[in-house]
*Asks:* 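Sharing a structure below in structure tokens format, with a few things to ask.
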Amino acid sequence: MVTPVVYDFIGIGLGPFNLSLAALTDRVKDLDGLFFEQEEEFVWHPGMLIEGTDLQTPFLADLVTFADPTSPYTFINYLHTHERLYAFYFFNQFNIPRKEYSDYCSWVAHQLSHCYFSHRVTNVIETKDHLYQVTVENLLKKEVSNYLTKNLIIGTGSIPMVPKGLDGDWPNNEISHSSEYLFHEKQLKSGHSVTVIGSGQSASEIFFDLLLDQKNHDYELTWFTRSSGLFQKEDAKLGKEFFSPEYIHYFHQLDFDHRLEALDSLNQLRNGIDPETLKKIYNLLYHRSISGEKLNVTIQPLTEAQKIEKIEKTYHLHCQQWQQEKKFIHQTEKVVLATGYKPALPNWLSQFADEIIWEDNKRFKVTENYQIDFKKKKTNHIYTLTNIEHSHGASATNLGLSVLRNQKIINSIAGKEIYPEPTKTVFQQFSPKH
């Protein structure tokens, strides 16, 4: 009788977070694992790869450098391999273009033999031996296989979030989430009026793209934000230290309510708009205003879109200027909902719901090493890189800290220090020494 293979870990999903873990474990001989992704190939936010947009994270925060700068999977080696080192040097910019980051990740993914695309994890059950049996469907061959593993790593990312009242079975070429903007760009720009809803970086990039092309299509352009203003992302060096190992440790020690309060207080660090994007928008508006022409543009903060209804060929947005408590209806032909994302948790996780420790009705407790916390302690673990904002703070969706997360997970699974974790990275301290 053949003894079944038992892997040290199986990663579910292959976004940048799990791809980083796959790249880091590729050189670790003591660990044996697999990664499964239902998409056909790696493409990072394809609907938002707008020409000229940059990642808001420096190139040093690639998939591996902070843990292993000698890795063949660094962004610098990607540039070297593609004969782009001098071009990037002359480009003289710390941040990576979004499209190039996507290409870089795809380049890494193609080299990793333990990463399987077009493979969907359909179920996970815990065996009597306290292993996890993972059922995987090969979407190309239409075959189903089972794998045994000691540990699971959930890296299923996020899905578009549309607030109640704005959701509905709308045609995507008329009302589109920002995640699909480029897929419907031509149809959106064909309308006589386009409205962008949202206050973050995606909303600002889409608004600028629409503003650039407005003269070619002559549409009325509107931007509503629920926030009280168009605030730039905090870019001070000391401010960035809140995205550090020390702050993650400090944040994790807080009780649940104080963690939620801390998230709100750091909102401008987390969700502000890149200053360069705001500068480009203002400069373009200023140049167009020189000749005295009427700008067919409305930018209005303090405004919440509460409901959408369609009357004939026009969408009626029921809005409220919440500070003045004034309600109004805005008519538009096209809408882009830059309303953010929510965690995409796999359905099979629900079978463990009664065993998990929950901090509220949606958020499970997560250890500092990214293990989902169970009422009865387990010898084999379910790690998560998804739905951890409440446990690990602003770092949860920050690409710059993905390597640190994976260092902790790898060391935890191995039971020893494979990748030394940094101990002193900031000049601040977040609690008194005594």
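Here the structure is a predicted model, which means the values were calculated and not measured. Counting begins at 1 with the first residue of the sequence. Any value given below was found using the heavy atoms of this structure, including those in side chains, with hydrogens, waters and symmetry copies removed.
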*Asks:* Is any side-chain heavy atom of D26 less than 4.5 Å from a side-chain heavy atom of Q111?
*Replies:* no
*Asks:* Take L139 and E40 through the side-chain contact (heavy atoms from CB on, under 4.5 Å) test and state the conclusion after the steps.
*Replies:* CA-CA 9 Å; L139 300 177; E40 294 181 9; over 6 Å; no
*Asks:* Within the distance-only criterion (no hydrogens, no angle test), does the side chain of Q351 pair as donor or acceptor with the backbone N or O of V124 below 3.5 angstrom?
*Replies:* yes
*Asks:* Around atom NZ of K237, are there more than 12 heavy atoms of other residues, nucleotides or ligands at under 6.0 Å?
*Replies:* no
*Asks:* Counting N and O atoms only, with roles assigned by atom type, does the side chain of S412 sit under 3.5 Å from a partner on the main chain of I409, one being a donor and the other an acceptor?
*Replies:*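 No, S412 side chain to I409 backbone: no donor-acceptor pair under 3.5 Å.
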*Asks:* Could you check if a side-chain atom of H390 sits within less than 4.5 angstrom of a side-chain atom of D360, using non-hydrogen atoms only?
*Replies:*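 No, side chains not in contact.
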*Asks:* Take T25 and H114 through the test side-chain contact (heavy atoms from CB on, under 4.5 Å) and record every step on the way to the result.
*Replies:* CA-CA 10 Å; T25 53; H114 57 318; 3.5 Å; yes
*Asks:* What distance separates L230 CG from Q232 CD, expressed to the nearest 0.5 Å?
*Replies:*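 Answer for the CG-CD pair, L230 versus Q232, is 11.0 Å.
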*Asks:* As an exercise, state the distance from CG of L385 to OH of Y370, rounded to the nearest 0.5 Å.
*Replies:*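 These two atoms lie 8.0 Å from each other.
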*Asks:* If we ignore angles and hydrogens, is there a donor and acceptor under 3.5 Å between the side chains of T332 and T195?
*Replies:*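 Their side chains do contain a donor-acceptor pair, which is all the 3.5 Å distance test asks for.
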*Asks:* Is N77 reaching over with its side chain to a backbone N or O of Y73, donor-acceptor style, under 3.5 angstrom?
*Replies:*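 No, N77 side chain to Y73 backbone: no donor-acceptor pair under 3.5 Å.
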*Asks:* Apply salt bridge (charged side-chain N to carboxylate O under 4.0 Å, His left out) to the pair D274 and K280, showing each step before the final yes or no.
*Replies:* CA-CA 10 Å; D274 176 37; K280 288 190 294 186; over 6 Å; no
*Asks:* How about F91: does its CZ atom have over 12 heavy atoms from other parts shown lying under 6.0 Å from it?
*Replies:* yes
*Asks:* Under 30°, 30 to 60°, or over 60°: which ring-plane class applies to F36 and Y147, parallel, tilted or perpendicular?
*Replies:*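 Plane angle between 30° and 60°, so tilted.
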*Asks:* Are a donor atom and an acceptor atom from the side chains of E246 and Q429 found within less than 3.5 Å of each other?
*Replies:* no
*Asks:* Between the main-chain N or O of F117 and the side-chain N or O of E39, is there a donor-acceptor pair closer than 3.5 Å?
*Replies:* no
*Asks:* Tell me whether the rings of Y104 and Y101 are parallel (<30°), tilted (30 to 60°) or perpendicular (>60°).
*Replies:* tilted
*Asks:* Can you check salt bridge (charged side-chain N to carboxylate O under 4.0 Å, His left out) on K150 and D8, steps first, answer last?
*Replies:* CA-CA 5 Å; K150 298 174 185 175; D8 293 304; 3.6 Å; yes
*Asks:* For F35 and Y116, run ring-ring contact (aromatic ring centres under 6.0 Å, His included): C-alpha distance rounded to whole Å, both residues' side-chain angles, the deciding distance at 0.1 Å, then the answer.
*Replies:* CA-CA 6 Å; F35 292 85; Y116 293 87; 9.8 Å; no
*Asks:* Report the C-alpha separation of E137 and T135 in whole Å, then their side-chain angles, then the decisive distance to 0.1 Å, and conclude whether the side-chain contact (heavy atoms from CB on, under 4.5 Å) test is met.
*Replies:* CA-CA 7 Å; E137 180 185 2; T135 303; over 6 Å; no
*Asks:* Side chains of K378 and E126, heavy atoms from C-beta outward: is any pair under 4.5 Å?
*Replies:*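 Yes, side chains in contact.
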*Asks:* State whether the number of non-hydrogen atoms from other residues, nucleotides or ligands found under 6.0 Å of D354 atom CG is greater than 12.
*Replies:*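 Check fails, neighbour count at 12 or below.
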*Asks:* Can a donor-acceptor pair be found between the side chains of Y78 and D62 at a distance below 3.5 Å?
*Replies:*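 D62 and Y78 do not have a side-chain donor-acceptor pair below 3.5 Å.
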*Asks:* Is the ring pair H217/Y219 parallel, tilted or perpendicular, if the boundaries are 30 and 60 degrees?
*Replies:* parallel
*Asks:* Could you report the tightest heavy-atom contact between R98 and L55, atom names first, then the distance?
*Replies:*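 Smallest heavy-atom distance, with atoms named: CG-N, 3.8 Å.
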*Asks:* Taking only residues two or more places apart in sequence, or in another chain, which ones meet D235 in a salt bridge (Lys or Arg N to Asp or Glu O under 4.0 Å)?
*Replies:* K240
*Asks:* Check whether more than 12 heavy atoms from other residues, nucleotides or ligands sit under 6.0 Å from atom NZ of K99, and answer yes or no.
*Replies:* no
*Asks:* Take W223 and L210, measure what side-chain contact (heavy atoms from CB on, under 4.5 Å) needs, and give me the verdict at the end.
*Replies:* CA-CA 11 Å; W223 185 7; L210 290 166; over 6 Å; no
*Asks:* Between Y341 and H177, is the ring-ring contact (aromatic ring centres under 6.0 Å, His included) condition met? List the steps.
*Replies:* CA-CA 10 Å; Y341 298 83; H177 190 269; 5.4 Å; yes
*Asks:* Go through the steps to decide whether Y247 and F242 satisfy the test ring-ring contact (aromatic ring centres under 6.0 Å, His included), and finish with yes or no.
*Replies:* CA-CA 6 Å; Y247 186 75; F242 282 83; 4.9 Å; yes
*Asks:* Any chance CZ of R27 has more than 12 other-residue heavy atoms, nucleotides or ligands included, within less than 6.0 Å?
*Replies:*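 More than 12 within 6.0 Å, yes.
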*Asks:* Quick one, L148 and V5 - any side-chain contact, counting heavy atoms below 4.5 Å?
*Replies:* no
*Asks:* I need the single residue from K377, Q371, K375 that forms a side-chain hydrogen bond (donor to acceptor under 3.5 Å, both in side chains) with D373. Which is it?
*Replies:* K377
*Asks:* Looking only at heavy atoms, what is the nearest atom pair of L238 and Q428, with distance?
*Replies:* O-NE2, 2.7 Å
*Asks:* Please find the pair of heavy atoms, one from K408 and one from E368, that lie closest to each other, and give the distance.
*Replies:*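 That would be CD-O, 3.8 Å.
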*Asks:* Which residue, Y89, F88, F75, F59, forms the ring pair (Phe, Tyr, Trp, His ring centres under 6.0 Å) with F94?
*Replies:*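 Considering Y89, F88, F75, F59, a ring pair (Phe, Tyr, Trp, His ring centres under 6.0 Å) with F94 is found only for F59.
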*Asks:* Quick check against the 3.5 Å criterion: does R259 have a side-chain atom that pairs as donor or acceptor with the backbone of L254?
*Replies:*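 At least one qualifying donor-acceptor pair exists.
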*Asks:* Closer than 3.5 angstrom, by distance alone: can the side chain of Y181 be matched with the main-chain N or O of A338 as a donor-acceptor pair?
*Replies:* no
*Asks:* Any side-chain to backbone donor/acceptor pair from S395 onto H392? Under 3.5 Å, distance only.
*Replies:* yes
*Asks:* Within the supplied structure, the quantity of interest is the number of heavy atoms (other residues, nucleotides, ligands) at a distance under 6.0 Å from H258 NE2; does it exceed 12?
*Replies:*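 Atom NE2 in H258 is not packed in, count stays at 12 or less.
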*Asks:* Does W44 offer a backbone N or O that forms a donor-acceptor pair with the side chain of S102 under 3.5 Å?
*Replies:*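 A pair under 3.5 Å: yes.
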*Asks:* Is there side-chain contact between W107 and D103, with heavy atoms separated by less than 4.5 Å?
*Replies:*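 A side-chain contact under 4.5 Å is absent here.
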*Asks:* Just one of I12, I413, I10, I382 clears the side-chain contact (heavy atoms from CB on, under 4.5 Å) bar with I153, so which one?
*Replies:*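 Testing each of I12, I413, I10, I382 against I153, the sole residue satisfying side-chain contact (heavy atoms from CB on, under 4.5 Å) is I413.
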*Asks:* Do the non-hydrogen side-chain atoms of I273 and Q201 ever get within less than 4.5 Å of each other?
*Replies:* yes
*Asks:* Check the surroundings of atom CZ in R226: do more than 12 heavy atoms from other residues, nucleotides or ligands lie under 6.0 Å from it?
*Replies:* no
*Asks:* Is the backbone N or O of A344 less than 3.5 Å from a side-chain atom of T156, with the two atoms forming a donor-acceptor pair by type?
*Replies:*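 At least one qualifying donor-acceptor pair exists.
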*Asks:* Answer yes or no: does atom NZ of K279 have more than 12 heavy-atom neighbours from other residues, nucleotides or ligands under 6.0 Å?
*Replies:*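 Not more than 12 within 6.0 Å, no.
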*Asks:* Work out which heavy atom in R363 is nearest to a heavy atom in L260; give both atom names and the distance.
*Replies:*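 Heavy atoms only, the tightest pair is NH1-CD2, 3.7 Å.
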*Asks:* When you check the side-chain N and O atoms of E41 and S106, is any donor under 3.5 Å from an acceptor?
*Replies:*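 No, S106 and E41 have no side-chain donor paired with an acceptor closer than 3.5 Å.
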*Asks:* So, for N398 and R405, which heavy atoms are closest and what is the spacing to 0.1 Å?
*Replies:* O-NH2, 3.2 Å
*Asks:* Counting C-beta onward and ignoring hydrogens, is there a side-chain heavy-atom pair between P346 and I154 closer than 4.5 Å?
*Replies:* yes
*Asks:* For a quick test of reading the model, state the closest non-hydrogen atom pair linking S20 to V403 and the distance between them.
*Replies:* OG-CG2, 3.9 Å
*Asks:* Is a donor on one side and an acceptor on the other found under 3.5 Å between the side chain of S350 and the backbone of N347?
*Replies:* yes
*Asks:* Can you check whether L404 reaches F243 side chain to side chain, under 4.5 Å on heavy atoms?
*Replies:* no
*Asks:* Identify the residue among V121, L34, N146, I125 that makes a side-chain contact (heavy atoms from CB on, under 4.5 Å) with V134.
*Replies:* V121
